[in-house]
Amino acid sequence: MAVAPVKQRSVTGGTRAQLPPCYYEGYLEKRGPKEKASRRLWSSLCGNAMFFFNNAKDTHYVERLDLGGFVSLRDDCSRDRNLEAARLILRMKDGETKITAPNLESRELWKGFLYSVVDLNVPACLTLLPGQLQMLKEVVDKERSRRRARTPTRAPPSPLSVPLVGEIPACFRPVSRTEAEVLLERHPDCGNMLLRPGRDGCSLAVTTRQDLNGSVFRHYRVTQREQGGYIIDVENPIPCSSLHEVIDALVEKTAGTLQPFLLEEPYEENITYVSSNDENGERMLHTAPSSPLPRAPALPPKQDRLSSKPLPRSPAPDRRILTAAVPSSPTNPMRRLILSPSPLAQTLNEELKLKLEKRRASQE
């Protein structure tokens, strides 16, 4: 993509000087929802709107397209008399605007700048060069700063500041009225009714969307009663004991035409983590293994010193075994070992006998 982005114009007079900062501009062919033919106009993306001029030198724009009502942006693959031209369909809440860029490269850049301004994020679905992605990031930062400076310091009402009774229904979304309409428009298969905070921060509202030659939005005020419960503020107020009953009442009154908005947000299927390479220090994203990790062997429970009982001692050997009777068999070797005296014992016995005989003889 060799086309360089158009630099911001610095003008000093006329209406153009009063416009927000210009992020991108160039010639486009445009045909609105009520126009029968396309017009080639100088188009400028300024802030969150597109301004169209008859030529690049004009100071007064002839048409303004506010991107606050943006719904979707898709490629138009129909052929044009100019084979190099590339078409886009910009869908807004009030209709579709067909845009033709000079070539595919220009169309891709316009898509990048439009998505960046609308979503305040750099789109990841486009084929752009690193330098062009860096420019989109700068545009996102500038637009965020511009909106922050224009937004009052008063914080928007938080859903937590609204006094709620009971459980909150799953179709509750902390969005504004416009954001609720865009959400229902982008996801028609997820339901057509959602509950949101009211503008005053003290009440709630129900936003619905239906198709009747286009989108038809309705907003119903829901207030809390002093004695408890809620009321749907219509011509004939409908009292409800809880927010779930508010949703059920609207489903019942419309014979099931209105259904709660349930948007399933995606979740990660694998666990990922960032780690550094020990050799080159490069940080990389890794996926944790899906198989269960082996468990460490369980340690034996520690015994409490106070409650532990002393181990039983081994029984002492029975000393009576040494004095047990020996069988009286004459062939038993143990009997011969015990009963047969040794030569030394026989000598001592003879000496004792002699001493005893002498003592007796001397006494007589």
Side-chain angles (χ1 to χ4, degrees), residues 20 23 30 32-34 45-51 63-76 88-99 110-126 136 139-140 143-144 146-148 150-152 155-159 162 168-201 203-222 247 250 254 257-266:
Y23 301 133
K30 170 190 169 296
K34 298 181 181 181
L45 178 61
C46 302
N48 194 31
M50 294 185 68
F51 296 87
E63 190 174 345
R64 178 179 183 270
L65 180 61
D66 189 358
L67 297 177
F70 176 87
V71 176
S72 64
L73 180 65
R74 69 177 191 272
D75 297 340
D76 185 0
L88 275 174
I89 297 181
L90 177 61
R91 187 179 181 187
M92 310 293 290
K93 290 194 299 183
D94 56 354
E96 293 182 348
T97 300
K98 296 185 177 180
I99 297 174
W110 273 107
K111 288 167 58 179
F113 280 97
L114 288 173
Y115 276 126
S116 299
V117 169
V118 171
D119 297 333
L120 292 180
N121 280 307
V122 177
C125 58
L126 303 179
L136 296 183
V139 167
V140 170
E143 181 63 13
R144 285 178 177 174
R146 187 187 73 87
R147 295 187 189 183
R148 195 180 301 115
R150 292 171 56 89
T151 303
S158 169
V162 180
I168 302 177
C171 62
F172 177 83
R173 292 278 165 173
V175 295
S176 63
R177 173 185 287 227
T178 303
E179 291 171 340
E181 293 179 356
V182 174
L183 201 59
L184 294 174
E185 182 84 16
R186 289 184 179 180
H187 306 279
D189 298 334
C190 297
N192 56 3
M193 172 177 58
L194 62 81
L195 181 67
R196 60 177 178 84
R199 285 186 178 180
D200 55 4
S203 63
L204 296 166
V206 174
T207 299
T208 65
R209 173 192 173 274
Q210 299 181 73
D211 287 322
L212 183 62
N213 298 326
S215 296
V216 178
F217 295 99
R218 292 292 182 267
H219 305 274
Y220 303 95
R221 185 185 179 91
V222 179
I247 302 301
L250 292 173
T254 59
T257 303
L258 296 180
Q259 290 296 322
F261 181 81
L262 302 176
L263 179 61
E264 296 183 0
E265 300 179 354

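- Under the rule for a ring-ring contact (aromatic ring centres under 6.0 Å, His included), F261 has no partner lying at least two apart in sequence or in another chain.
- Within the 4.5 Å cutoff, the side chain of P123 has heavy atoms near those of the L136 side chain.
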Pairs under 3.5 angstrom only: tabulate donor-acceptor contacts from the side chains of residues 91-98 to other protein residues two or more places apart or in another chain.
residue : atom : partner : partner atom : Å
R91     : NH2  : E185    : OE2          : 3.2
K93     : NZ   : E181    : OE1          : 3.0

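- Between N48 and L67, some side-chain heavy-atom pair lies under the 4.5 Å cut-off.
- For V139, the side chain to side chain contact (heavy atoms under 4.5 Å, CB included) criterion is met by Y23, F113, V117, not counting sequence neighbours.
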Begin with the C-alpha distance, continue with both residues' side-chain angles, and end with the deciding distance and a verdict on side chain to side chain contact (heavy atoms under 4.5 Å, CB included) for L126 and K111.
-> CA-CA 8 Å; L126 303 179; K111 288 167 58 179; 3.7 Å; yes
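- Checking R196 against T207 by side-chain atom types alone, a donor-acceptor pair falls below 3.5 Å.
- Side-chain contact between I247 and P260 is present, with at least one heavy-atom pair separated by less than 4.5 Å.
- A 4.5 Å side-chain heavy-atom check between L250 and V206 finds at least one atom pair inside the cut-off.
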Under the side chain to side chain contact (heavy atoms under 4.5 Å, CB included) criterion, do S203 and R221 qualify, and how do the steps go?
-> CA-CA 7 Å; S203 63; R221 185 185 179 91; 3.8 Å; yes
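- Put simply, CD on Q210 and CE on M193 are 10.0 Å apart, with the number rounded to the nearest 0.5 Å.
- With values rounded to the nearest 0.5 angstrom, H187 atom NE2 is found 14.0 Å from N192 atom CG.
- Here E63 pairs with K30, E35, R39, F52 under the side chain to side chain contact (heavy atoms under 4.5 Å, CB included) rule; sequence neighbours left out.
- Atoms SG and CD, from C190 and Q259 in turn, are 12.5 Å apart once rounded to the nearest 0.5 Å.
- R186 meets the side chain to side chain donor-acceptor pair (under 3.5 Å) test with no other residue; sequence neighbours excluded.
- Qualifying salt bridge (Lys or Arg N to Asp or Glu O under 4.0 Å) partners for D189, counting only residues two or more places apart in sequence or in other chains: none.
- Proximity of L114 to F70: side-chain heavy atoms (C-beta onward) are nowhere separated by under 4.5 Å.
- The heavy-atom pair separating P20 from C46 by the smallest distance is O-CB, 3.5 Å.
- Listed for the D66 side chain is a donor-acceptor partner under 3.5 Å among the backbone atoms of G68.
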Just do the side chain to side chain contact (heavy atoms under 4.5 Å, CB included) check on L263 and R173 with the steps written out, would you?
-> CA-CA 10 Å; L263 179 61; R173 292 278 165 173; 3.5 Å; yes
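- For the pair V71/V182, no side-chain contact is recorded, criterion being any heavy-atom separation below 4.5 Å from C-beta on.
- L73 is not listed as a side-chain neighbour of I89, based on a closest heavy-atom distance of 4.5 Å or more.
- Taking both residues in full, the closest heavy atoms of P197 and L204 are given as CA-CD2, 4.0 Å, listed atom of the first, atom of the second, then distance.
- Counting heavy atoms from C-beta on, the side chains of L120 and R147 come closer than 4.5 Å.
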Stepwise side chain to side chain contact (heavy atoms under 4.5 Å, CB included) check, L90 with I99 = CA-CA 7 Å; L90 177 61; I99 297 174; 4.3 Å; yes
